[in-house]
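The next block holds one structure in the form of structure tokens; read it before the comments.
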2 protein chains.
Amino acid sequence: MSATVTLMHVAREAGVSPSTVSRILNGTANVTPDKRERVEAVIQRLNFTPNVQAQALANGRSFSVGVLTQNISSPFYGETLAGIERGLEGSSYHPLVVSGHWHAEQEQQALDLLMRRRVDAMIVLGGVIADAALQDVAARMPLVAVGRDVRGLTERCVLIDNRGGIGQVVRHLAELGHRDIAFISGLETQQDAVERREGFEAAIQELGLSLRPELMRRGDYTEASGERDTEDLLRSGVTFTALVCANDQMALGARLALYRRGVSVPEDVSLTGFDDLFSSRYTTPPLTTVHQAVNELGQQAAETVLRLLAGELPQMTPYVPRLIVRESTGPVPPSFPAGGLLMHDSS
Amino acid sequence: MSATVTLMHVAREAGVSPSTVSRILNGTANVTPDKRERVEAVIQRLNFTPNVQAQALANGRSFSVGVLTQNISSPFYGETLAGIERGLEGSSYHPLVVSGHWHAEQEQQALDLLMRRRVDAMIVLGGVIADAALQDVAARMPLVAVGRDVRGLTERCVLIDNRGGIGQVVRHLAELGHRDIAFISGLETQQDAVERREGFEAAIQELGLSLRPELMRRGDYTEASGERDTEDLLRSGVTFTALVCANDQMALGARLALYRRGVSVPEDVSLTGFDDLFSSRYTTPPLTTVHQAVNELGQQAAETVLRLLAGELPQMTPYVPRLIVRESTGPVPPSFPAGGLLMHDSS
DNA sequence: CTGTTAGCGCGTTCAG
DNA sequence: CTGAACGCGCTAACAG
């Protein structure tokens with residue numbers, strides 16, 4: 001554990017004052033070339049790296065932006081984080097991420113932690129914490145929310161059109177002839193889950209189809225939930241030729257339940273997701289879903305924060321998701337007996 | 001942007017000295033109950049939160065541990081990070097993560113950044129940076145590496161038995177009657193990739209089977225690579241009844257290539273992965289793979305770091321991966337003609 | 001038990 | 001152009 005070398009050591013070794021070293025480090029003022037060279041040589045030799053904590057204390061900025069995510073290991077948030085990382089790249093800011101696990105108290109603790117670390121700005125990814133808490137934070141520093149419309153901060157929210165996205169899915173299925181469409185939603189505590197469910201209901205009605213509660217299930221965005229709810233749907237004996245899941249992860253679970261029951265996709269049932277996770281290109285068959293460019297959303301959030309930090313104006317462009325048709329959707333099975341049974345036993 | 005309230009403000013407001021406030025905050029010494037209550041009330045009222053930067057500067061510890069990961073959005077590293085987060089929970093330490101993207105220079109920059117931020121310890125996940133660089137870091141602070149055997153620091157590496165893991169896979173396949181086993185490896189720049197390939201070769205030979213170069217492909221651990229290499233294998237016309245992928249992500253890509261060609265899993269070809277990513281339970285069919293408990297590895301790394309920080313001794317218990325047999329492996333197709341063709345056209 | 005005094009490492013005036 | 005002095009917010013050692 002060699003003693004840390006400080007700016008003072010460098011100064012002494014180079015025979016100059018600490019201020020001079022500081023100036024060279026930050027380009028704050030002009031310095032005679034010879035002194036500059038001398039100092040830079042010493043910096044190299046001593047392998048000196050400025051202490052960010054001290055810098056932060058001295059000039060009031062920590063050069064870090066707090067990121068409140070929910071579940072760092074979820075593919076969805078993972079990709080968003082990568083986008084944020086990329087968006088911050090090149091700037092001197094760095095992300096400090098903490099998980100809230102969709103739990104209001106934990107989210108509050110995470111925010112507190114980030115405030116204690118004196119982050120210069122905040123990026124919030126989803127979450128169930130009250131808007132008021134976020135408004136408090138926003139009163140103290142630039143804040144950008146992703147996938148969540150915070151009251152009073154709408155112009156600082158990176159939003160996507162969930163209703164429109166689901167609408168595209170439903171119309172796509174309708175064009176393929178589907179009329180018996182089941183739906184698995186997310187938890188109503190999450191805003192986007194509510195929007196997707198409402199979008200589904202609206203689209204169904206716009207198409208003149210009837211909304212059938214027996215075809216609706218409430219999931220929680222996890223694979224396990226998709227599997228469970230699909231299993232339940234299948235077991236209930238209701239008839240459907242298409243299954244719309246409110247996110248890709250549930251579609252993955254649904255896929256497994258269908259497989260277990262010997263139901264072919266898309267021959268017997270068309271299956272769709274939402275998010276277009278990277279891995280959804282690789283499901284069997286590749287999943288028809290709504291592309292969200294989670295990556296780009298994260299990047300956009302980061303860039304907005306940088307702009308805010310630089311004192312510029314927000315300028316948020318709403319994100320329009322688009323349908324990606326792959327191979328998990330197809331025409332209604334010709335053999336499908338109107339009002340008949342769906343179950344096919346695999347050999 | 002309300003002016004930040006400092007410990008000094010609290011002290012004045014409560015009519016005590018700053019030290020007293022500090023002592024209450026850290027429980028460093030006893031304080032009269034009435035003063036304590038008074039101070040705590042003021043802290044609440046002013047909504048005071050200590051400045052971690054200042055604390056770090058004052059007592060030399062930043063209470064953050066640097067995490068050098070490779071790709072924050074990869075399911076593999078994501079789960080490891082979640083484990084680290086969990087392992088650090090409860091302690092007053094927090095992770096500061098930076099991605100190296102499997103690029104030596106970026107990894108070095110990431111390390112530099114973390115050193116500048118004066119992290120108290122470091123956790124390194126994989127990577128291709130030279131051992132020497134890690135040894136330098138280890139000389140300055142506690143360091144734990146995951147999935148990588150750093151020369152001279154072996155006792156501080158959380159390792160898994162890659163050779164043994166692949167061996168279990170191969171033996172499992174052999175027991176099912178497979179003799180023509182193809183293999184897709186990872187990049188040779190990554191230590192675990194080398195070990196898995198060597199493990200495969202060793203296992204094949206131990207079983208008295210012959211090593212056939214035409215059944216080996218070199219991938220890069222990505223889904224795209226798994227797809228491409230499988231496609232290549234299929235197109236080459238070689239015969240095989242089982243395909244061993246060096247990780248789950250490539251197995252996912254391989255699954256797609258097989259699907260495209262109408263090759264059934266496991267009826268025509270048995271498929272295996274390595275890592276047991278969370279999503280591998282949900283592939284179609286669920287993937288037979290080697291469970292790595294990436295999550296626990298991360299947690300173990302974090303706990304080890306805490307122990308090191310507390311001045312205790314390492315005590316690393318080597319991790320033994322275990323085979324998880326699911327539904328992507330099965331007996332050799334009875335119709336398989338010895339030395340014959342593999343291709344089946346799906347209807 | 002508590003207040004006072006020094007720094008931690010660096011940026012930033014302010015005079016030279 | 002450059003050095004000396006002060007302060008960022010907090011902890012620790014020292015007297016009381």
Side-chain angles (χ1 to χ4, degrees), chain A residues 1-40 42-43 46-64 92 113 115-120 140, chain B residues 1-40 42-43 46-64 92 115-120 140-141:
Chain A
M1 314 282 169
S2 61
T4 332
V5 9
T6 77
L7 179 150
M8 182 70 90
H9 296 150
V10 174
R12 271 206 272 274
E13 198 76 8
V16 300
S17 80
S19 338
T20 303
V21 179
S22 171
R23 286 192 261 262
I24 294 181
L25 245 43
N26 307 298
T28 314
N30 283 333
V31 176
T32 330
D34 66 312
K35 278 187 196 288
R36 151 172 258 108
E37 284 176 28
R38 200 135 41 91
V39 170
E40 286 176 340
V42 177
I43 290 182
L46 265 47
N47 196 20
F48 164 74
T49 54
N51 183 329
V52 176
Q53 325 275 351
Q55 295 186 133
L57 195 56
N59 63 22
R61 301 198 301 177
S62 66
F63 285 104
S64 56
S92 35
L113 165 67
M115 314 247 14
R116 249 177 298 139
R117 296 247 167 193
R118 295 293 186 274
V119 295
D120 296 329
R140 310 174 111 271
Chain B
M1 313 280 167
S2 59
T4 333
V5 11
T6 75
L7 177 150
M8 182 71 89
H9 296 149
V10 175
R12 271 205 274 272
E13 198 76 8
V16 298
S17 79
S19 341
T20 303
V21 179
S22 172
R23 285 192 263 261
I24 294 181
L25 245 44
N26 308 297
T28 313
N30 284 332
V31 176
T32 331
D34 67 311
K35 278 187 197 286
R36 148 171 262 109
E37 284 174 26
R38 197 137 39 92
V39 169
E40 285 174 342
V42 177
I43 289 183
L46 265 49
N47 196 18
F48 164 74
T49 55
N51 183 328
V52 176
Q53 325 276 350
Q55 295 186 133
L57 196 56
N59 63 23
R61 301 196 304 176
S62 66
F63 286 103
S64 58
S92 35
M115 312 249 11
R116 248 177 297 137
R117 296 248 166 191
R118 295 295 186 275
V119 295
D120 296 330
R140 309 173 111 272
M141 67 182 74

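Quick note on labels: first sequence line is chain A, next is B, and so on, each numbered from 1. This one's a predicted model, so the numbers in the text were calculated from it and none came from an experiment.
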Under 4.5 Å between any side-chain heavy atoms of [X] and [Y], yes or no?
X      : Y      : answer
B:T49  : A:R118 : yes
A:V21  : A:P18  : no
A:R116 : B:Q55  : no
A:L7   : A:L25  : yes
B:N47  : B:V5   : no
B:V39  : B:R36  : no

Please list all pairs passing the salt bridge (charged side-chain N to carboxylate O under 4.0 Å, His left out) test where one or both residues lie in [range], with sequence neighbours left out.
range                     : answer
residues 48-59 of chain B : none
residues 53-62 of chain B : none
residues 6-15 of chain A  : A:E13-A:R45

message: Which is more 5' along DNA chain D, the nucleotide nearest B:R23 or the one nearest B:V52? Just name the residue.
response: B:V52
- request: Kindly determine whether B:V42 and B:H9 satisfy side-chain contact (heavy atoms from CB on, under 4.5 Å), including the steps that lead there.
  value: CA-CA 9 Å; B:V42 177; B:H9 296 149; over 6 Å; no
field: Residues from residues 53-61 of chain B lying under 4.0 Å of DNA chain C - heavy atoms
entry: B:L57, B:A58
- prompt: For residues 10-20 of chain A, which residues have at least one heavy atom under 4.0 Å from DNA chain C?
  reply: A:S19
- line: Closest non-hydrogen atoms of B:S17 and B:A11, given as atom of the first, atom of the second and distance, are C-CB, 3.8 Å
statement: Scanning both residues in full, the closest heavy-atom pair of A:Q53 with B:A56 reads OE1-CB, 3.6 Å
task: Shoot me the first and last contacting nucleotide of DNA chain D against chain A, ordered 5' to 3', at under 4.0 angstrom to non-hydrogen atoms.
output: D:dC1 to D:dG9
message: Taking side chain to side chain donor-acceptor pair (under 3.5 Å) as the cut-off, I'd like each qualifying pair that reaches into residues 23-34 of chain B, sequence neighbours left out, listed once.
response: B:S22-B:N26
message: Distance under 4.0 Å to a non-hydrogen atom of chain A counts as contact; along DNA chain C, which nucleotides mark the start and end?
response: C:dG9 to C:dT13
message: Return the CG to OG1 distance between A:L46 and A:T6, rounded to the nearest 0.5 Å.
response: 9.5 Å
query: For DNA chain D, which residues in residues 24-36 of chain B have a heavy atom at a distance below 4.0 Å?
result: B:N26
field: the helix from C:dC1-D:dG16 to C:dG16-D:dC1: angle between end helix axes, five pairs per end, rounded to 10 degrees
entry: 40°
field: Sequence-distant partners of B:S64, side-chain contact (heavy atoms from CB on, under 4.5 Å), two or more places apart
entry: A:R117, B:S62, B:V119
task: Could you pull out all residues at least two apart from A:A54 that satisfy side-chain contact (heavy atoms from CB on, under 4.5 Å)?
output: A:N51, B:L57
